[in-house]
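Below: the structure, in C-alpha cells.
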Amino acid sequence: MEVAEIKLEDGSLVFYDENGEDFYSIRHDLLADKMSDGDSEWINQLSEKSWATKATLQQVADIINQEFPDNDINWITTNRIIATQQ
C-alpha cells in the first residue's frame with residue numbers, strides 16, 4: 001500500500017491509497033499531541049507503519065505546523081524520526 005494523498009476532511013486528517021480509498025485517519029484536534037519526551041505523538045506512531053514514507057511523515061509534520069503553528073512539539077528530535085524513515 002502507498003499513500004497517494006493526505007487531506008483534512010470532516011475534522012480529520014485522512015490518508016488515501018492509490019485507488020482513492022481512505023485507509024487511515026487522525027482526528028484534527030489530536031494532531032498536535034506530543035509524547036512525554038516532546039516528540040510528536042503522530043509522527044512517532046506513523047513511523048512504525050510500513051506505508052509511512054519519509055515524504056508522508058514530512059507532509060504530516062507540515063500539516064501539523066500549518067494547523068497548529070503554536071504547538072510545543074520538539075521538532076528537533078521529531079525531525080530526526082522523519083530523517084531516519086525509509
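Just the heavy atoms: all of them, side chains too, but no hydrogens, waters or symmetry mates, feed the values below.
When the shell of 6.0 Å around CG of N19 is examined, it contains more than 12 heavy atoms from other residues, nucleotides or ligands. Counted within 6.0 Å of CD on E18, heavy atoms from surrounding residues, nucleotides or ligands total more than 12; the atom is thus considered enclosed.
Under the 4.5 Å side-chain heavy-atom criterion for ILVMFWY residues, no single connected hydrophobic cluster contains both I63 and V14. Neither M35 nor L13 shares a network with the other; the hydrophobic side chains, linked directly or stepwise wherever heavy atoms of I, L, V, M, F, W or Y lie under 4.5 Å apart, form separate groups for each.
For residues 62-84, the pairs satisfying salt bridge (Lys or Arg N to Asp or Glu O under 4.0 Å) are K34-D72, with sequence neighbours left out.
Residues V60 and I43 form a side-chain contact, since some pair of their non-hydrogen atoms from C-beta on lies under 4.5 Å apart. In this structure the side chain of H28 reaches within 4.5 angstrom of the side chain of L8, judged on heavy atoms. Between E21 and Y16, the closest side-chain pair of non-hydrogen atoms is not below 4.5 Å. Looking only at side-chain heavy atoms (C-beta outward), I73 and D39 stay at 4.5 Å or farther from each other. Considering only heavy atoms from C-beta on, S12 stays 4.5 Å or farther from I26 through its side chain.
For I82 against A61, the heavy-atom pair with the smallest separation is CD1-CB, 3.8 Å. Closest heavy-atom contact between N65 and W75: OD1-NE1, 3.3 Å. Shortest non-hydrogen contact noted between T78 and S40 is OG1-N, 3.0 Å.
For the side-chain contact (heavy atoms from CB on, under 4.5 Å) criterion with T77, the lone passing option out of N79, I81, N74 is N74.
With sequence neighbours excluded, the residues forming a salt bridge (charged side-chain N to carboxylate O under 4.0 Å, His left out) with K7 are E9, listed by chain and number. With sequence neighbours excluded, the residues satisfying ring-ring contact (aromatic ring centres under 6.0 Å, His included) with Y24 are F15, W51.
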Please evaluate residues V3 and D17 with respect to the criterion side-chain contact (heavy atoms from CB on, under 4.5 Å), reporting the C-alpha separation (whole Å), side-chain torsions for both, the decisive distance (0.1 Å), and the verdict. CA-CA 5 Å; V3 177; D17 66 16; over 6 Å; no
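Atom CD of E5 sits about 12.0 Å away from atom OG1 of T56, to the nearest 0.5 Å. Summarising the geometry, atom CD belonging to E41 is positioned 9.0 Å from atom OG belonging to S36; distances are rounded to the nearest 0.5 Å. One finds the CD1 atom of I64 at 11.5 Å from the CD atom of Q59 (value rounded to the nearest 0.5 Å).
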